[in-house]
Amino acid sequence: MQCSNCGYDLPAGVRFCPKCGTPNAPATAPVASAQPTVSFGAQTPAQPLSGGGMVGQKKKSGCGKAIIILLVIGLVLIGLAGGATYYAYRALGDKLRSSEAYTVAVSTLKNDPTVADKMGAITDTGFPLGAFHEDADGSGDAGYHLSVKGTKASGTYDVAMTRRSGKWYLQTGKVTLADGESFNVKSNSTPRFDPSNTNIGDTDEPPPPPPTPARGAGKRR
């Protein structure tokens, strides 16, 4: 054994170097460092750990898919509801237009001389808002509000109809033009019905005046 400082050969069992006085450290067995082991066999793929991070990612992905599915279902339901509303609205309009009360109301409008003078010929009528009903005893009522368009002007038409003895009559009719002017509708071809009058055939026209007596009648000679 040699001194670690000066290289002097130390006798066995000496704790200090007799030449330089350096302490003599007892020799320790060297510890072999761990050597990495190498495996030449087939490598097994590592299995994913069931940690909290992995579970959180799966939950997040599933939640996003659920939201997308709900949005798609909502859009489909909205589309179906809109389509059903459109077809129901269209069916209602066709039903109102095909009713006899509506036909009489539009015919009365087109044949009215005031309408012809202020609006010209009626070229188009809009969707009618209203309702009608017919009873088995020949009575009934109807009311409509619709837009009308003529060759001279356009406006709206509000009309109320009544049915007596299976026949529809104009009760009230009013046209309001786009400029705000309004006037009543009255047709000579369709008699207006007066609820206070029991005679359906009567009109609003005043009775004719009595005949004028001949000149000189009633004089005594």
Side-chain angles (χ1 to χ4, degrees), residues 71-210:
L71 289 177
V72 172
I73 294 175
L75 292 176
V76 171
L77 293 178
I78 292 174
L80 292 176
T85 303
Y86 169 77
Y87 285 109
Y89 183 79
R90 184 174 179 178
L92 176 61
D94 294 339
K95 182 179 180 180
L96 293 177
R97 287 191 178 97
S98 62
S99 65
E100 183 182 0
Y102 178 83
T103 303
V104 174
V106 174
S107 176
T108 304
L109 175 72
K110 293 181 178 181
N111 293 328
D112 187 270
T114 306
V115 174
D117 178 59
K118 294 182 177 295
M119 301 187 67
I122 301 299
T123 58
D124 186 32
T125 57
F127 184 89
L129 299 176
F132 74 96
H133 78 275
E134 298 178 350
D135 297 328
D137 59 356
S139 62
D141 295 287
Y144 304 104
H145 171 84
L146 62 151
S147 60
V148 291
K149 183 179 181 181
T151 56
K152 294 182 180 179
S154 60
T156 58
Y157 180 35
D158 294 279
V159 58
M161 307 290 294
T162 187
R163 185 171 180 255
R164 297 293 182 270
S165 300
K167 189 175 181 179
W168 286 98
Y169 296 94
L170 176 70
Q171 191 170 6
T172 59
K174 181 179 179 181
V175 172
T176 304
L177 300 180
D179 59 2
E181 181 183 0
S182 62
F183 54 88
N184 294 327
V185 174
K186 179 180 178 181
S187 175
N188 294 328
S189 60
T190 303
R192 293 169 60 99
F193 176 77
D194 185 0
S196 63
N197 194 339
T198 58
N199 189 353
I200 298 177
D202 289 347
T203 65
D204 291 343
E205 298 294 334

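- At least one side-chain heavy atom of Y102 sits under 4.5 Å from a side-chain heavy atom of L146.
- Between V115 and K110 the shortest side-chain heavy-atom distance does not fall below 4.5 Å.
- Of the listed residues (V185, V159, V104), just one forms a side-chain contact (heavy atoms from CB on, under 4.5 Å) with L109, and that residue is V185.
- A donor-acceptor pair is defined here as one N or O able to donate and one able to accept, closer than 3.5 Å; such a pair exists between the side chain of D112 and the backbone of K186.
- Contact detail for G140 and W168: the closest heavy-atom pair is C-CH2, 3.9 Å.
- One N or O on the side chain of D137 and one on the backbone of S139 form a donor-acceptor pair closer than 3.5 Å.
- We find the NE2-NZ distance between H145 and K174 to be 11.5 Å, quoted to the nearest 0.5 Å.
- No donor-acceptor distance shorter than 3.5 angstrom exists from the side chain of D117 to the backbone of P113, with no hydrogens or angles considered.
- Side-chain contact check for S99 versus Y144: some heavy-atom pair is nearer than 4.5 Å.
- The pair E100-R163 fails the salt-bridge criterion, with no side-chain N (NZ, NE, NH1 or NH2) lying under 4.0 Å from an Asp/Glu carboxylate O.
- Across every non-hydrogen atom of R164 and Y169, the tightest pair is O-CE1, 3.9 Å.
- Using modelled atom types, one side-chain atom of T123 and one backbone atom of K149 make a donor-acceptor pair closer than 3.5 Å.
- Formation of a donor-acceptor pair under 3.5 Å by the T176 side chain with backbone atoms of T156 is not found in this model.
- Taken from CG in N184 to CG in L170, the straight-line distance is 9.5 Å, to the nearest 0.5 Å.
- Taking OG1 from T108 and OH from Y157, the interatomic distance works out to 5.5 Å, rounded to the nearest 0.5 Å.
- Of all heavy-atom pairs spanning K152 and K118, the tightest one is CB-O, 3.8 Å.
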